[in-house]
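To keep things clear, I will list the structure first and then write my remarks on it.
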Protein chains: 2
Amino acid sequence: MATIRDVAKHAGVSVATVSRVINETGYVHEDTRKKVETAIKELHYTPNEVARSLYKRKSRLIGLLLPDIANPFFPELARGVEDEMQENDFRIIFGNSDEKSSKEQEYIQTFVQNNVVGMIASTNDPDTHAYRKLNIPVVFLDRTMDNRPSVYSDGYEGGRLAAQEIAARGSRNIAVIQGPERVRPAMDRFRGAAETLKDLDIAFQVIQSSSFGIAEAGVWAKEVFRKVPDTDGVIASNDIVAAAVLHEALRLGKKVPEDVQIIGFDDIPLSSLLTPPLTTIRQPAYEMGRAAARLLIQLIEKEALDNHTIQMPVTFTERDTTRKAEKND
Amino acid sequence: MATIRDVAKHAGVSVATVSRVINETGYVHEDTRKKVETAIKELHYTPNEVARSLYKRKSRLIGLLLPDIANPFFPELARGVEDEMQENDFRIIFGNSDEKSSKEQEYIQTFVQNNVVGMIASTNDPDTHAYRKLNIPVVFLDRTMDNRPSVYSDGYEGGRLAAQEIAARGSRNIAVIQGPERVRPAMDRFRGAAETLKDLDIAFQVIQSSSFGIAEAGVWAKEVFRKVPDTDGVIASNDIVAAAVLHEALRLGKKVPEDVQIIGFDDIPLSSLLTPPLTTIRQPAYEMGRAAARLLIQLIEKEALDNHTIQMPVTFTERDTTRKAEKND
DNA sequence: TTGTAAGCGTTATCAC
DNA sequence: GTGATAACGCTTACAA
């Protein structure tokens, strides 16, 4: 690899001059600039980012910490983050936390060891010391805490919508699957749904689920029909679980949506490919990722405040696991 | 952030000594080691990886380049890579190429600028100059080239299996969806299926598809039933497309698998949640990711040869979009 | 407008 | 056993 010295020698100037043309900083004569530029071309020189990072104490790297990229909601988020970062010449160091604080700490540590300029995290404990003591900006994505920069969608409203719409479509004995307790958006959704159902005076039962994983989804689905065999509507904690519920309902010979209506959360890409296509509360995951990246960049460039939060809209996405609404216009 | 100098001062020794205890290199008296270790603890010192990387001209970072993390096959791969790397204290800089050579080049460049010690890539052109000139090991994953370190599964055999099994289950007018032409595994699958069908003397028609994306899958699915309305078996280019085909078949009122059998490729996590669950040719994506990471680590540590290739088995995963096999034992 | 040299935080060589 | 110190490749005062 050619270094800045090689370029300087080749162009017959000093390294300082080369640095000046690379960074477009300070004066440099047009002729010398040309010389330097051809030298750079000829030697295929590209600056060593590590040396830069060492001197400036900041890199063009950001850390992205997600619970589990294999969970279909997160790739969309990640893709949004990556696209926005890529367009702004930032690169991403990526890690999965599995919701484990130990892995999280480990990644946070290596992020700072690598001089990342910022971090995007989807964590259950945004308030821990580990984040507070960081002197780089952190944007919390999806999982979020008040008063910290974050991008999320309104889980409570999502839950409310789900309850309202499934009720409006005639379900009267509803099973609500409650997501993992320590996952804030899951709890928000649950609260939104439960409170709305209560207000509407509609009977519902709660099924606990302790994870969002594909592996366990089938278990929660079976649990639903074991605990509430005659349910005519289920509000699932996310689309994976909803898909599993749909699958189980069909397997039991129930008609969807005639016998049971099902509403999911997230609108992962495959939801529309299910049969029947899944009605769900959509979160704009890709856009959330992009928004988080944009916010982080603003924070890095000090163009945004430290408590900026962005709430994205959730939308009722009507497909065919719910019946047509009863007249309500 | 505390530096090695701070630690040295705090412990009343030289930086050299601190370095020795950190890296467990050279002699250091038990007592001084203790002193240094407590100093490290008290100051919460962690070595600056950037400085290390600069001096040693190698980091603990590896580059991972995938076509599109939002395509459900790749998160599994990525997760496998990440888990293995994480366990070996390597971190990942991640990028999506969108199969675009320009993005690919850009990432390769920034990977080397950041001193990555190795790279894992899923690319259509593993043979380009961009890779050949690299002086770090590269493992090609899924998309692969002979004579270069790679991990992939046997697409040809997969195609053969799909054809054989769908034929054994009675399909006689088969639609084979051919994946993108420049994607090698897709072509291998197609060849495997087409040649097998030819050998078996079974009629089939080919539907071209130019991408693996979720967005377009529905288009190819419609195409299938437009071009081959009376087909009784479709071999899809991957599970996404298979899911779309299943969806479309059901929408058209066809019975699956009675009227049409469907076989996919990959076995993405959601395939088993479809109704009916999708029969598919499974690739062990997660294990492939892990294997690629392991191989790369061996290459980095010079424990493996430069042309080491690992072929993973594909397996016929029988679920309910195919009929029970006709007696063939 | 350009060059010299210090410094970023490490590791490794060489004396002691 | 331990400590100075050069070096990794860059940026940026400061001088010229």
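Predicted model only: the values in this text are computed from it and were never measured.
- Contact annotation: Thr32(A) side-chain N/O to dT1(C) OP1/OP2 distance is not under 4.0 Å.
- Checking dT1(C), dA12(C), dC10(D) against the side-chain heavy atoms of Arg52(A) singles out dC10(D) as nearest.
- Heavy atoms of Ser19(A) sit under 4.0 angstrom from at least one base atom.
- With Ser97(B) contributing its side chain and Glu104(B) its backbone, the two residues share no donor-acceptor pair below 3.5 Å.
- Between Glu30(B) and Met1(A), the residue whose closest nucleotide on DNA chain D is further toward the 5' end is Glu30(B).
- Taking atom NZ on Lys9(A) and atom P on dT2(C), their separation rounds to 20 Å, with Å as the unit.
- Taking atom CZ of residue Arg57(A) and atom P of nucleotide dC10(D), one finds them 19 Å apart after rounding to whole Å.
- In Lys58(B), the NZ atom is not crowded: 12 or fewer heavy atoms of neighbouring residues, nucleotides or ligands sit closer than 6.0 Å.
- When rounded to the nearest whole Å, the span between OH of Tyr27(A) and P of dG3(C) equals 17 Å.
- Residue contacts for Thr25(A): at a heavy-atom cut-off of 4.0 Å it reaches no nucleic acid atom on any strand shown.
- Taking atom CG on Asn48(A) and atom C1' on dC8(C), their separation rounds to 13 Å, with Å as the unit.
- Rounded to whole angstrom, the span from the NZ atom of Lys58(B) across to the P atom of dA7(D) amounts to 21 Å.
- Across the protein-nucleic acid pair, Ile22(B) atom CD1 and dT10(C) atom C1' stand 9 Å apart, rounded to whole Å.
- The nearest whole Å value for the distance from the CG atom in Leu54(B) to the P atom in dA6(D) is 17 Å.
- Heavy atoms from other residues, nucleotides or ligands lying under 6.0 Å from CG of Asp31(A) number more than 12.
- The existence of a salt bridge linking Glu37(B) and Lys41(B) is excluded, since no basic side-chain nitrogen approaches an acidic carboxylate oxygen closer than 4.0 Å.
- Taking only side-chain atoms of Ile4(B), from C-beta outward, the nucleotide of dG3(C), dT11(D), dT11(C) with the closest atom is dT11(C).
- Asp6(B) contributes a side-chain N or O that, together with a main-chain N or O of Thr3(B), makes up a donor-acceptor pair within less than 3.5 Å.
- At least one side-chain nitrogen or oxygen of Asn23(B) sits closer than 4.0 Å to the OP1 or OP2 atom of dT11(C).
- Picking from dG3(C), dT12(D), dA4(D) the nucleotide with the shortest atom distance to the side chain of Tyr55(A) gives dT12(D).
- Using a 4.0 Å heavy-atom cutoff across all strands shown, Val50(B) reaches no nucleic acid atom at all.
- In this structure, CZ of Arg20(A) is placed 9 Å from C1' of dT12(D), rounded to the nearest angstrom.
- Heavy-atom nearest nucleotides on DNA chain D were determined for Val28(B) and for Lys56(B), and the one closer to the 5' end corresponds to Val28(B).
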